[in-house]
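Here is the naming used below: chain letters follow the sequence lines, and residue numbers restart at 1 for every chain.
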Amino acid sequence: MDQAVGSAGSTPLVAMHAIVKTFGDLVANDCVDLDIREGETHALLGENGAGKSTLVKILYGLLQPTSGRILWRGAPVSLPDPKAARRLGIGMVFQHFSLFDAMTVAENIALALDDARAVNDVADRVVEVSRSYGLPLEPGREVWTLSVGERQRIEIVRCLMQNPRLLVLDEPTSVLTPQETGVLFETLGRIRAEGRSILYISHKLEEVRTLCERATILRHGKVIAACDPRTQTAAALARMMVGADVGAARKAAGALDGPVRLAVRGLSLPAPDDHGVALREVRLEVRAGEILGVAGVAGNGQGELFNALSGETPAPDAAAVVMDGVEVGRAGPNARRALGGAFVPEERLGHGTAPGMTLTDNAILTGHATHGLVRRGFIDRAAAQAFVDRIVAAFDVRKGARDPAARTLSGGNLQKFVVGREMLGDPGVLVVAQPTWGVDAGAAQIIRQALVDRALAGGAVVVISQDLDELFEIADRICVMFNGALSAPAPADGLSREAVGLLMGGHGESNARETQPCAS
Amino acid sequence: MRLVIARRQDVPGWLKLVSPLYAIALTLLSGAAMFAALGVSPTTGLYTYFVSPLTDAWALQEVAVKATPLVLIAVGLSLCYLSDNWNIGAEGQLVIGAVFGAAVAVATHGAPNGPWVLPAMIVAGMVGGALFAMIPAILKTRFQANEILTSLMLVYVAELLLDWLVRGPWRDPHGFNFPQTVMFEPEAQMTRLMDVGRLNISAPLALLVVAVAAILLARTLKGFEIRVVGEAPRAARFAGWDPRTLTWTVFAISGALAGLAGVVEASGTLGQLQPNISPGYGFTAIIVAFLGRLNPIGCLAAAIFLAVTFIGGENAQIALRLPLDVTRVFQGMLLFYILACDAVIAFRFTIVRGDASGATA
């Protein structure tokens with residue numbers, strides 16, 4: 001079968017054979033086979049931690065396989081570094097961009113090219129390439145002024161300028177609005193029409209079903225199935241990915257006449273730094289029994305809103321934030337916790353937990369204010385340990401050692417621990433940012449159910465999330481954050497995704513201002 | 001072929017504890033080589049440096065006298081370093097502490113006064129050291145000035161101030177023009193514990209400081225806060241703690257302890273102020289803090305070890321005619337090896353063959 005290079009037909013463009021990659025005791029890829037044909041759009045599906053990133057890093061020369069072979073058009077190749085991969089014709093767009101904020105688009109691209117070229121020549125090429133693929137880019141703009149979607153375009157154009165045969169995209173839509181996703185899909189269509197192959201990594205099943213003609217599904221580092229996703233239902237794909245049926249969380253009862261437990265009244269805050277977002281006249285009210293969803297593309301002030309709600313950034317005016325009738329705008333996190341507030345930040349490692357410290361220490365981190373873990377300044381270790389045991393039991397946190405460091409837990413288990421830590425005190429007001437980001441489907445289900453249960457038990461819950469599916473699944477009302485302002489919340493039933501998508505892109509912003517958000 | 005450096009995920013705790021022992025062993029080996037190069041028998045050299053200070057009662061007292069300021073400062077520095085505050089200026093805080101303490105002694109010199117003088121000197125010295133340490137702390141929190149640079153540069157400010165004082169306003173009029181103050185009165189000197197030797201009450205005081213700091217770090221919420229701020233500053237803010245306040249607190253504590261060490265030197269060891277009241281204790285204490293794993297009890301052991309090198313260096317100067325700088329070389333090598341051992345423990349270094357297909361199963 002080892003035909004000469006260039007002979008089309010049955011020889012795949014690239015074939016990965018029996019790839020094994022181990023990190024210490026962990027087997028990230030266990031005898032994985034993957035082949036991508038010329039001109040096809042191939043999906044690599046799997047939960048977080050299934051081994052997708054490891055596999056593509058091997059394909060891009062960033063990691064070396066423990067064993068296994070890679071064939072390029074039937075010939076064995078070695079990929080000691082990304083440069084070798086690029087020489088073959090493999091381009092990669094990462095989930096997290098590697099761009100210099102203070103430099104222009106053209107400078108960033110010139111830096112990444114393997115051959116030295118003048119920035120001006122590069123700028124001309126950028127215009128040319130971006131126009132022909134429908135990806136408008138101004139080469140002279142500095143990166144920090146660009147939206148996330150535009151930054152992604154830089155990465156894509158950067159790859160296309162190398163004229164790749166295979167373009168690898170790692171979760172490209174996780175940071176995009178629905179409209180930006182539409183633009184991206186058009187571009188992918190053009191790339192495909194030129195006969196280039198695409199490896200599309202995602203866990204968004206609908207996208208894969210519309211975009212890809214073949215899919216390889218990974219679970220726990222092994223290939224579970226290879227199929228044509230267009231002939232499968234989303235539920236069937238999910239079952240293959242997770243290995244079990246995924247149920248939808250029960251939605252909170254729609255009775256929204258409870259007392260207001262959390263209110264934000266005209267909160268404005270200056271941007272914390274050059275790249276931060278100022279909050280502009282934010283208003284919201286959350287009643288007992290309600291889940292309010294805050295949608296929005298990353299970087300539109302959600303982080304600043306979270307800090308203002310948790311008390312990490314105090315408001316200029318005490319009346320700006322009211323919890324259960326108490327004005328807490330100027331109070332810090334612990335005063336708000338004492339009033340029944342609980343907060344789950346977006347970043348698990350480094351914000352929600354101290355990565356190098358044990359679970360017991362991390363239980364004390366926020367439990368010291370509310371769970372009686374401290375007496376007269378002295379820490380009660382036994383009480384803290386018991387608190388951890390209760391979290392672990394209630395939220396099914398899987399851990400290897402008795403009291404491991406936070407960073408050794410998987411994303412899903414650590415998130416269950418953080419959510420459990422905040423929920424065990426039955427908080428009256430719960431603010432959660434990206435509750436299931438990078439979390440496996442099983443853990444995500446437990447977490448969403450816990451949020452719904454909290455609301456059913458009379459809590460007021462705010463969920464800040466970029467995942468629209470999640471918000472439509474659990475939220476009673478949804479509002480959108482754009483450029484530091486919050487749109488008027490609308491009931492999730494009857495709200496269209498298109499309407500939310502427009503708000504996420506900033507259209508209808510003035511409209512939202514006129515209608516005075518949250519006039520309930 | 002390429003070198004791959006990867007952080008190890010779970011480093012066993014015992015490995016972090018034995019790292020200083022590896023460092024000491026490597027220092028001794030390198031020291032032996034250095035002695036051989038200097039034409040001294042390595043066994044004689046190492047014996048003089050590391051064993052002879054422990055062989056008679058007088059030398060043992062001197063070890064305690066040298067270890068006392070080292071451990072006082074190192075405990076304070078540990079609190080700073082644990083919370084990601086890099087106070088490098090303990091030497092200057094020591095000098096200012098000595099100056100503030102001496103101000104009390106000089107002001108009360110010759111006048112009839114009671115047992116309150118020494119406590120007053122100690123308090124004045126600690127306040128002086130703390131205030132001086134607050135300068136880099138406030139520069140850091142207010143202007144984001146790098147505390148490593150500011151605290152280090154303030155050392156020279158403090159030393160020049162001391163130099164001016166002992167050559168100018170505070171010079172002993174009957175001191176034959178030597179740049180030094182009057183000898184402090186007995187009430188202004190640390191009470192000696194033995195009839196012979198310089199061991200005084202500062203040594204048990206240092207043990208008390210070690211005990212308090214150990215309990216603070218291991219058992220209290222404040223100690224926990226210090227560790228969290230250093231480990232994950234955003235998590236600390238999320239826990240409701242203000243990193244700025246903590247920066248001021250740890251700088252003040254370490255400044256106060258360095259100031260206390262200054263009073264100990266001025267009133268316990270020397271009995272007066274001189275231009276050079278410290279053989280670099282403030283800098284050596286940085287080594288002590290790291291050798292002691294930023295743990296108060298570890299600092300105690302490390303301070304004793306480094307005090308031995310000070311006495312051994314003096315012995316070697318007399319017995320082997322080796323320059324006193326050899327002591328500094330030993331201390332420098334020790335810090336170098338600690339950091340190197342820590343790096344080897346925290347990271348995995350592997351040389352990988354660039355050719356992936358060579359590993360085909």
Side-chain angles (χ1 to χ4, degrees), chain A residues 17-18 20 23-24 26 31 58 61 63-70 76-81 84 307 310-313 332-337 343 345 347 349-357 361-362 364-369 373-379 381 400-401 404-408, chain B residues 1-4 6-13 16 82-84 144 212 214-246 249 294 342 345-348 350-361:
Chain A
H17 275 316
V20 175
F23 297 99
L26 179 86
C31 237
I58 290 171
L63 289 174
Q64 300 306 315
T66 311
S67 67
R69 301 196 300 160
I70 300 172
V77 288
S78 83
L79 300 168
D81 51 44
N307 286 346
S310 72
E312 288 165 82
T313 314
N334 289 331
R336 297 188 193 195
R337 287 187 182 115
F343 314 96
E347 192 66 52
L349 288 169
H351 193 175
T353 65
M357 297 180 115
D361 280 347
N362 275 302
I364 299 166
L365 191 70
T366 60
H368 73 91
L373 306 181
V374 176
R375 260 180 257 127
R376 289 193 197 143
F378 283 84
I379 291 169
R381 289 257 151 207
R407 72 159 152 256
T408 63
Chain B
M1 296 273 277
R2 63 210 161 97
L3 180 66
V4 176
R7 181 174 279 279
R8 290 171 204 259
Q9 268 306 311
D10 242 354
V11 179
K16 289 180 190 160
L82 280 173
S83 60
D84 202 21
Q144 285 83 47
V212 170
I215 292 169
L216 173 84
L217 278 177
R219 299 252 170 255
T220 68
L221 189 62
K222 188 48 108 178
F224 181 64
E225 178 185 339
I226 288 172
R227 290 193 291 128
V228 175
V229 167
E231 167 84 24
R234 256 184 102 195
R237 259 196 300 279
F238 183 58
W241 298 315
D242 179 8
R244 293 185 313 151
T245 331
L246 191 73
T249 311
L294 307 182
D342 282 352
I345 285 171
F347 297 90
R348 189 194 308 275
T350 36
I351 292 176
V352 176
R353 305 266 299 279
D355 189 4
S357 59
T360 304

In terms of heavy-atom proximity below 4.5 Å to chain A, should B:I215 be classed as side chain, backbone, both, or neither?
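For B:I215, the contact with chain A is made by the side chain alone.
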Taking the side chain as every heavy atom from C-beta outward, state whether [X] and [Y] have any atom pair closer than 4.5 Å.
{"X": "B:F224", "Y": "A:D361", "value": "yes"}
{"X": "B:R219", "Y": "A:I379", "value": "no"}
{"X": "A:H368", "Y": "B:W241", "value": "yes"}

Taking all non-hydrogen atoms of both residues into account, name the closest pair between A:E312 and B:R237 and its distance.
CG-O, 3.8 Å
So for [X], is it side chain, backbone, both, or neither that comes closer than 4.5 Å to the heavy atoms of chain B?
{"X": "A:A354", "result": "both"}
{"X": "A:R337", "result": "side chain"}
{"X": "A:R381", "result": "side chain"}

Which one, [options], leads in non-hydrogen pairs under 4.5 Å with chain B?
{"options": "A:A84, A:A335, A:P345", "answer": "A:P345"}
{"options": "A:A18, A:G367, A:G356, A:S310", "answer": "A:G356"}
{"options": "A:D81, A:L365, A:T366, A:N362", "answer": "A:L365"}

Could you state the interatomic distance from CZ (B:R234) to NE2 (A:H351), rounded to the nearest 0.5 Å?
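Spacing of CZ (B:R234) from NE2 (A:H351) equals 4.5 Å.
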Whether A:R336 engages the ring of B:F238 as a cation-pi pair (distance to the six-membered ring centre under 6.0 angstrom, angle to the ring normal within 45°) should be assessed.
no
Most contact-rich option vs chain A, by heavy-atom pairs under 4.5 angstrom, among B:G240, B:A236, B:A232, B:A235, is B:A235
Looking at residues at least two apart in the chain, or sitting in another chain, which of them share a side chain to side chain contact (heavy atoms under 4.5 Å, CB included) with A:L349?
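Applying side chain to side chain contact (heavy atoms under 4.5 Å, CB included) to A:L349 gives A:T353, A:P355, A:R407, A:L414.
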Are A:L373 and B:L221 close enough, and set up right, to give a side-chain contact (heavy atoms from CB on, under 4.5 Å), and what steps lead you there?
CA-CA 10 Å; A:L373 306 181; B:L221 189 62; over 6 Å; no
